[in-house]
Amino acid sequence: MSSQQPWIERRFEFDTAVELYPQLIERLRETPARLEEVVASVAGGLLVRRHEDSWSIQENVGHLGDLEDLMAGRLDDFQAGAEELRPADMSNQATRLAGHNEKKIEDLLRRFRDRREAYVARLESLSPDDFARSAHHRRLGVQMRLIDQLFFQAEHDDHHLARIRQLSRGL
């Protein structure tokens, strides 16, 4: 099975034109459907199988749902004019402790869809100027605009979708 570059090693160029925010909102809106499509064809036992030391498919799905609180919080940070965005827990404690493999995949998918739909609704209520607001992202060491956060989040979604597809084919 081919491996992916670890997320933590990814580097980003944040140069997306602010006017492209509708396209990034659309990418974020479509992630739940894409996730459901990938998972639909996976046999039950494969959903919870771990490969070496990596998360199972269900743990990847649960992780996406876990991070919705962080993304909503960062949106709060942008709207409040914070100088620095709240940091992610790079130990992924919420995902590690959640027991996602003991849950029903349908519940994990619904949880993610519900949280993402609420987040997208918030984004759609913003003015175009809001997407140019910026704050410092500590781990990346860059000033990040809201449009950049949307790109970063969409790339993170795709990272996990690709990993889930790998797991569904390679084990």
Side-chain angles (χ1 to χ4, degrees), residues 1-14 16 20-75 85-124 137 139-140 144 147-171:
M1 174 171 34
S2 64
S3 62
Q4 277 185 296
Q5 177 185 31
W7 177 254
I8 192 77
E9 294 177 11
R10 288 275 313 267
R11 297 294 169 251
F12 298 88
E13 302 256 343
F14 294 127
T16 303
L20 295 178
Y21 73 88
Q23 289 89 329
L24 286 170
I25 292 174
E26 195 59 30
R27 274 182 74 186
L28 296 174
R29 179 194 330 275
E30 292 303 318
T31 300
R34 293 170 59 209
L35 191 57
E36 290 160 3
E37 179 184 338
V38 172
V39 169
S41 63
V42 179
L46 191 56
L47 291 170
V48 297
R49 188 178 305 162
R50 298 180 116 218
H51 177 72
E52 296 172 357
D53 223 8
S54 68
W55 289 337
S56 68
I57 290 171
Q58 283 197 193
E59 288 168 319
N60 276 274
V61 172
H63 173 69
L64 289 171
D66 296 339
L67 286 185
E68 288 301 293
D69 287 341
L70 173 64
M71 297 304 130
R74 286 184 175 169
L75 182 52
L85 296 172
R86 64 193 67 197
D89 172 12
M90 297 309 294
S91 72
N92 291 306
Q93 184 173 349
T95 300
R96 286 187 304 105
L97 299 177
H100 292 310
N101 280 339
E102 287 75 46
K103 297 175 181 171
K104 293 180 182 177
I105 189 64
E106 297 82 12
D107 293 341
L108 294 172
L109 291 167
R110 170 55 48 201
R111 174 179 172 252
F112 176 62
R113 178 177 283 282
D114 290 348
R115 288 175 171 204
R116 180 56 62 89
E117 286 175 353
Y119 179 73
V120 166
R122 285 185 64 195
L123 292 172
E124 290 179 323
H137 188 288
R139 181 179 71 81
L140 296 177
M144 179 184 274
I147 189 76
D148 303 324
Q149 174 63 33
L150 301 186
F151 174 75
F152 184 75
Q153 185 176 4
E155 288 294 301
H156 183 263
D157 287 353
D158 289 350
H159 172 82
H160 284 281
L161 283 162
R163 180 63 181 152
I164 289 167
R165 195 170 299 278
Q166 281 181 330
L167 290 168
S168 72
R169 291 180 178 157
L171 295 177

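All residue numbers in this chain count up from 1 along the given sequence. Just so you know, these numbers use all the heavy atoms, side chains as well, and skip hydrogens, waters and symmetry mates. The model shown is predicted, which means the values in this text are computed figures rather than measured ones.
For Val61 against Ile105, the heavy-atom pair with the smallest separation is CG2-CD1, 4.2 Å. Heavy-atom minimum distance, Tyr119 versus Met71: CE1-O, 3.5 Å. Looking at every heavy atom in both residues, Leu70 comes nearest to Pro87 through CD1-O, 3.7 Å. For Leu20 against Ile147, the heavy-atom pair with the smallest separation is C-CD1, 4.0 Å. Counting all heavy atoms, side chain and backbone alike, Arg163 lies closest to Asn60 at CG-OD1, 4.0 Å. Looking at every heavy atom in both residues, Leu108 comes nearest to Gln58 through CD1-O, 3.7 Å.
Between His156 and His63, a ring centre-to-centre spacing shorter than 6.0 Å is recorded.
Contact annotation: the side chain of Phe112 approaches that of Thr31 to within less than 4.5 Å [non-hydrogen atoms, C-beta and beyond]. Side-chain contact between Ser168 and Ile57 is present, with heavy atoms from C-beta onward closer than 4.5 Å. No side-chain heavy atom of Ser56 sits less than 4.5 Å from a side-chain heavy atom of Arg49. Asp66 places a side-chain heavy atom less than 4.5 Å from the side chain of Arg111.
For the side-chain contact (heavy atoms from CB on, under 4.5 Å) test, residues two or more places apart in sequence or in another chain that qualify with Ala162 are Gln4.
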Verdict with supporting geometry, Glu117 and Glu68, side-chain contact (heavy atoms from CB on, under 4.5 Å): CA-CA 10 Å; Glu117 286 175 353; Glu68 288 301 293; over 6 Å; no

field: Stepwise side-chain contact (heavy atoms from CB on, under 4.5 Å) test for Trp55 and Asn92
entry: CA-CA 11 Å; Trp55 289 337; Asn92 291 306; 3.9 Å; yes

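The CD atom of Gln149 sits 9.5 Å away from atom CG of Leu123, with the distance rounded to the nearest 0.5 Å. The distance from atom CZ of Arg50 to atom CD of Glu59, rounded to the nearest 0.5 Å, is 4.0 Å. Once rounded to the nearest 0.5 Å, the distance linking CG of Leu167 with CG of Leu47 reads 10.5 Å. Atoms CZ and CD1, from Arg122 and Ile25 in turn, are 12.0 Å apart once rounded to the nearest 0.5 Å. Expressed to the nearest 0.5 Å, how far OH of Tyr21 lies from CG of Leu28 amounts to 14.0 Å. A distance of 9.5 Å separates CG in Leu64 from NE2 in His100, rounded to the nearest 0.5 Å.
Between Phe152 and His137, the ring planes are perpendicular. Angles over 60° get that label, and only those under 30° would be called parallel.
The main-chain N or O of Gly65 is found under 3.5 Å from a side-chain atom of Arg115 such that the two form a donor-acceptor pair. Using modelled atom types, one side-chain atom of Lys103 and one backbone atom of Ala98 make a donor-acceptor pair closer than 3.5 Å.
Residue pairs meeting the salt bridge (Lys or Arg N to Asp or Glu O under 4.0 Å) criterion with at least one member in residues 85-99, sequence neighbours excluded: Asp77-Arg86. Sorted by first and then second residue, the pairs that involve residues 27-45 and meet salt bridge (Lys or Arg N to Asp or Glu O under 4.0 Å), not counting sequence neighbours, are Glu26-Arg29, Arg27-Glu155, Arg27-Asp158, Arg29-Glu124, Arg34-Asp158, Glu36-Arg113.
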